[in-house]
Colleague: 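Let me give you the structure first, and then I'll get to my questions.
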Amino acid sequence: MKRIGLTQFLIERERKGLVDADLRLLIETVARACKAISTCVDKGPLSDSLGTAGSENVQGEVQKKLDVISNEILLEANEWGGNLAALASEEMEHPHPIPSHYPRGEYLLLFDPLDGSSNIDVNVSVGTIFSVLRCSEDVDSSDEKAFLQPGSAQAAAGFALYGPTTMLVLTVGDGSHGFTLDRETYTFVLTHPGIRVPEDTQEFAINVSNMRRWEPPVKRYIDECLAGKDGPRGRDFNMRWVASMVAEAYRILSRGGIFLYPRDSKHKEGRLRLLYEANPMAFIVEQAGGAATDGHGRILDLRPQALHQRVAVILGSKKEVERVTSYHAA
Ligand code: F6P
């Protein structure tokens, strides 16, 4: 079977009017940066990039050296292309304006440069998540308000997974598609066109150590899964928790499942970031036939109030997400 690469995939979408030349170049640049991050991750202890950077990010989380390196790679790759008005990163408190000696474009790029980075020192999969928004010329792109758009306004979203193979999952609004990095040609090759998330699942992912803090609807859902054949669901469930959202999302895209990081008495707003994690993943999962809510409504309909806002996330196989959401309404 003849496989196509990311460039051909994007040019075909440009011909159909789904992306313009600027967005195509932007996605290709992000993909190139992800390849560079993948190479750094791959070197592991052979480079000096493992361990902590000795700093904290805006969320008060300890930054790993690779968080900082990945952030730099994405910034350097993207700021000069002329297709961006500004960038925002989970690792930076404020938006990063495009230096004045470069032309300003009409897109905004948001990213979590190294999701799941607590896993990096133990050689478990990590990844990069990104989201692209539009920004009209009259908007001050250095103001974080420019970024406070609902997820439904995303022009594109994707994530790279640095696992046994490096994968890129991408949507520009016509389905979600998976690419595998061919390390010989250094290209992303389309290997998973038109990904579909099975509607039903027997597998859930949640950090059970937070169980005592959960709200009743989440506790009810997980209790019913744990009761298995003997409970109201009448079938056994399996559980996974990688603690890398990119790995959980890729598993769900591959074989179905549900991922929950709900709000609880410790994480009152939720744990994950709306703009860097929840929105892009919700776009990708919906485009693959799945669903994503915060327990009450569709994630993509939420109106962001702050750049680093956190949110509860329940995403994956449609029927299971709808079930948990209905428990919140009960
Ligand atoms: O937001 C970063 C992240 O590492 C996610 O990728 C992951 O789902 C979650 O945090 C893991 O959380 P915990 O530390 O509670 O397992």
Side-chain angles (χ1 to χ4, degrees), residues 34 37 41 50 52-53 56-68 70-71 74 88-93 110-131 151 157-163 167 169 203-215 218-219 222 239-254 257-282 284-285 290 292-295 299 304 306-316 321 324:
C34 290
I37 297 171
V41 169
L50 295 189
T52 55
E56 284 186 354
N57 66 12
V58 55
Q59 338 274 345
E61 296 162 339
V62 173
Q63 283 182 309
K64 300 279 185 182
K65 283 187 196 166
L66 267 172
D67 282 321
V68 177
S70 306
N71 197 54
L74 280 155
S89 164
E90 189 191 296
E91 297 299 330
M92 300 185 304
E93 188 167 359
L110 301 94
F111 49 81
D112 175 357
L114 203 64
D115 180 65
S117 58
S118 65
N119 280 324
I120 195 76
D121 296 338
V122 291
N123 200 15
V124 169
S125 300
V126 290
T128 298
I129 310 174
F130 67 94
S131 160
F159 69 90
L161 174 66
Y162 313 121
M167 303 284 310
V169 177
E203 201 162 68
F204 65 90
I206 192 165
N207 184 344
V208 176
S209 71
N210 292 320
M211 185 183 263
R212 69 188 187 285
R213 307 189 184 103
W214 292 341
E215 292 176 342
V218 172
K219 186 147 191 340
I222 299 299
M239 197 202 87
R240 289 285 181 274
W241 187 248
V242 186
S244 269
M245 192 195 196
V246 280
E248 322 273 10
Y250 189 72
R251 186 186 62 249
I252 288 170
L253 290 165
S254 305
I258 181 168
F259 167 90
L260 305 95
Y261 215 122
R263 61 183 71 74
D264 59 39
S265 59
K266 181 177 170 200
H267 311 94
K268 293 212 166 58
E269 307 298 322
R271 158 99 158 79
L272 304 177
R273 285 66 170 189
L274 175 58
L275 295 178
Y276 313 105
E277 293 169 310
N279 272 344
M281 287 305 190
I284 291 163
V285 166
T293 78
D294 67 347
I299 289 202
L307 199 54
H308 296 287
Q309 182 175 337
R310 294 177 191 255
V311 69
V313 176
I314 299 162
L315 62 74
V321 173
V324 188

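Remember, it's 1-based here, ligands and their atoms both numbered in the order they're listed.
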Colleague: Backbone, side chain, both or neither: what part of L272 comes under 4.0 angstrom of ligand 1, heavy atoms only?
Modeller: side chain
Colleague: Considering only heavy atoms, which of D115, I129, V242 lies nearest to atom 3 (C) of ligand 1?
Modeller: D115
Colleague: When you measure from atom 16 (O) of ligand 1 to every protein heavy atom, which one gives the shortest distance, and what is it?
Modeller: W241 NE1, 3.0 Å
Colleague: Counting only heavy atoms not in D121 (residues, nucleotides, ligands), do more than 12 fall under 6.0 Å from its CG?
Modeller: yes
Colleague: So, for A243 and E248, which heavy atoms are closest and what is the spacing to 0.1 Å?
Modeller: N-OE2, 3.0 Å
Colleague: When you check the side-chain N and O atoms of N279 and S131, is any donor under 3.5 Å from an acceptor?
Modeller: no
Colleague: Do D115 and Y276 have a side chain donor and acceptor closer than 3.5 Å?
Modeller: no
Colleague: Apply salt bridge (Lys or Arg N to Asp or Glu O under 4.0 Å) to the pair R271 and D264, showing each step before the final yes or no.
Modeller: CA-CA 9 Å; R271 158 99 158 79; D264 59 39; over 6 Å; no
Colleague: Starting from atom 13 (P) of ligand 1, what is the nearest protein heavy atom, named by residue and atom, and what distance separates them?
Modeller: N207 ND2, 3.6 Å
Colleague: Tell me whether ligand 1 is touched by E277 - counting only heavy atoms on the residue side and a distance under 4.0 Å.
Modeller: yes
Colleague: Polar contacts were defined as any N/O atom of the residue lying under 3.5 Å from an N/O atom of the ligand; does this apply to M245 and ligand 1?
Modeller: yes
Colleague: Can you confirm, on distance only, whether ligand 1 has an N/O atom lying under 3.5 Å from any N/O atom belonging to Y261?
Modeller: yes
Colleague: Which of the numbered atoms in ligand 1 are below 4.0 angstrom from a heavy atom of R273?
Modeller: 1 (O)
Colleague: Walk me through it: do W241 and F259 pass the test ring pair (Phe, Tyr, Trp, His ring centres under 6.0 Å)?
Modeller: CA-CA 9 Å; W241 187 248; F259 167 90; 5.6 Å; yes
Colleague: Out of S244, S118, A247, A243, who is nearest to atom 11 (C) of ligand 1 when you count heavy atoms only?
Modeller: A243
Colleague: How far is atom 10 (O) of ligand 1 from its nearest protein heavy atom, and which residue and atom name does that atom have?
Modeller: R271 NH2, 3.2 Å
Colleague: Return the CD1 to CD1 distance between I222 and I206, rounded to the nearest 0.5 Å.
Modeller: 4.5 Å
